[in-house]
There are 2 protein chains.
Amino acid sequence: VVLGKVAVVGAGSWGTVIARIAARTVPTVLWARREEIADEVNTRSRNTRYLPGVVLPEALRGTTSLAVAVAGADLIVMAVPSHGFRAVLEELASALSPGTPVLSLTKGLEQKTHARMTQIVRAVLPGSPAGVLTGPNVAREVAEGHPVATVVAMSDSLAGIDVQQLLRTDSFRVYTNQDVVGCEIAGAAKNVIAIAAGISDGLGLGDSSRAALVTRGLAEIGRLGVALGGDSLTFGGLAGVGDLMVTCTSHLSRNRWVGEQLGQGRALSEILAGMQEVAEGVRTADPLLELAGSCGVEMPIVEQVAAVLAGSKAPGETLSALMTRSAKPEFHEVGT
Amino acid sequence: VVLGKVAVVGAGSWGTVIARIAARTVPTVLWARREEIADEVNTRSRNTRYLPGVVLPEALRGTTSLAVAVAGADLIVMAVPSHGFRAVLEELASALSPGTPVLSLTKGLEQKTHARMTQIVRAVLPGSPAGVLTGPNVAREVAEGHPVATVVAMSDSLAGIDVQQLLRTDSFRVYTNQDVVGCEIAGAAKNVIAIAAGISDGLGLGDSSRAALVTRGLAEIGRLGVALGGDSLTFGGLAGVGDLMVTCTSHLSRNRWVGEQLGQGRALSEILAGMQEVAEGVRTADPLLELAGSCGVEMPIVEQVAAVLAGSKAPGETLSALMTRSAKPEFHEVGT
């Protein structure tokens, strides 16, 4: 299948990087909420605010009109933060041809409903194949052409292969995976674990402490994902371990950074006020806990992060709560 | 069971840290090859060469006599490099009470036989329970009291619980695991993957590239481990993901550092000449590949590392060989 037009909805760093890749081979429109970003894409082939120093293809067009962006598109790539996801999708729905596939780049859960982004797609656009692109991908590093790997999981595997063909470059290796649920849970939850990893860093603990925490975090993510019908393999792959590793160790990770600032004693409101892009983990902790509770899965690390974010526990207390539990076999949570 | 005496054989940084923990509660002897280290342990309660700045318990005794070290010991902790493991074990065998458990801290495979360390124990001391201590543990960080977790896997689970009780402290959390094979393969192989991660760093690639490489590395380690009878859960736990993460990202990791130097174009001989402790991954790559070959498991990353170590490929070539393979489903190697 040859795609005739791609619409990327959301012009943050990651949306812009994906639009830049798509525009090499297919006419691509990038929707931005801000006029000045759409203008800059059109007149200077740049997005200085979110991707300074990176030149975009001239063929990439910017717009602030959702209708213009999605009209006639064969693929919608959603790259808005989770809290705006449903509203934007509802707004663009009427301009869309029925059955147009929607690929989410957003890693989070909706407040209150604790819906995954593809569940929102299914609710708003029942006829559209829905899926996610996820993996250990720092936007700036992908833009710089470092060799990187990612995963696409679509409910319709032909649409998945289209996305793979569209986005694959010499340096951006796109794997397919059929496990939409697992990929999405892994992507949402890793941001919360990254806050825990950052707290560990902010408290001045070392690489060993952080690795133990992240490993236990992976276990709790996997338990939830499998309980929701995900495939346990996903959590050992690029969308699981890979993304978790990069988000929990990279100095470019926003969620890790938020945790680090918390660990150093700064207040959440002050930290967030100084940030340019959303740290999804801050919003994801609560719906993630609710979701876990609804299927009887314990997520002790997420619980501690939620308590710190709510201001009900000091960062130092949470880590000692996690580390001083009684000695056990490592996999005692695994049934039989 | 109450242990009456512990012998730690090998006074490198990790052996010394474990001896320090054991000596808090049980009479412990630390065997050092070098006279000056044994002396310094006895007279100044320090091991300045391998663990500068750390004070050891006065109760910890140093010796250069294997017979003195192991006589009457209820537990032998082996902390010598893999290339000396069998010879040291053979030398101490006659001084040992039959059936004394042996715990290995060594992460490697024997040259030519590609035996795991516990296989060497079984060959030399057929009546002794054998096992490993492994996990994301940077020696210095454990010594500094950071909260850290580790795994003990013993062929005799009662002996495993003894070790757990002996080494557990408020900050050193010891989990039991019954999968000796998986723990040992994970520990040996991660050092080779860490060299690959270091090569990526040395070539100036970013966190995303490294995470993709390490994730693929985890997959090949897991394939080998399962083929040898290990439990796939192990590779997602502290001995697998956890140790891999810390070894592949920490600036304190010797194997990662060797890879980084290789990636920057330095010669292996020159790199090794400047090192104080062994980087086991350098020796492990070949026996690991042979072992994988003998059970029909592909380890493409280990293969590339072995080629770089042998000087038959340039670091830059190896990474492009790994990243430019054709697009596939992520878990195509996993049989149905």
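Because only heavy atoms are used, hydrogens play no part in the values below, and waters and symmetry mates are left out as well, while side chains stay in.
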Review point. Where on B:L218 is there a heavy atom nearer than 4.5 Å to chain A: the side chain, the backbone, both, or neither?
Key: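 For B:L218, side-chain heavy atoms alone lie under 4.5 Å from chain A.
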Point to revise | Side chain / backbone / both / neither for B:V241 at chain A, heavy atoms under 4.5 Å | key: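 When you check distances to chain A, atoms from both the backbone and side chain of B:V241 fall under 4.5 Å.
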Greatest number of heavy atom pairs closer than 4.5 Å to chain B - which of [options]:
options                        : answer
A:S232, A:G206, A:S200, A:G240 : A:G206
A:G236, A:G222, A:G242         : A:G242
A:A211, A:A239, A:G145, A:G160 : A:A211

For the interface with chain A, which of [options] has the highest count of heavy-atom pairs at distances below 4.5 Å?
options                        : answer
B:V142, B:D243, B:D231, B:V246 : B:V246
B:V214, B:L205, B:V151         : B:L205
B:L244, B:L238, B:L252, B:N177 : B:L238

Check your understanding: How about A:Q264: does its CD atom have over 12 heavy atoms from other parts shown lying under 6.0 Å from it?
Key ->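 Correct, the count exceeds 12.
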**Study point:** Exceeds 12 heavy-atom contacts within 6.0 angstrom, atom CD of A:E144
**Key:**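 Enclosed.
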Check your understanding: Can you tell me if B:S208 uses its side chain to pair, donor with acceptor, with the backbone of A:V138 under 3.5 Å?
Key ->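 Side chain of B:S208 to backbone of A:V138, a donor-acceptor pair under 3.5 Å: yes, one is there.
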Practice item. Pick out which of A:P147, A:P136, A:S171 makes a side chain to side chain contact (heavy atoms under 4.5 Å, CB included) with B:S209. Key: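 Considering A:P147, A:P136, A:S171, a side chain to side chain contact (heavy atoms under 4.5 Å, CB included) with B:S209 is found only for A:P147.
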Review point. Looking at CG of A:D207 and CZ of B:R140, how far apart are the two atoms once the value is rounded to the nearest 0.5 Å?
Key: 13.5 Å
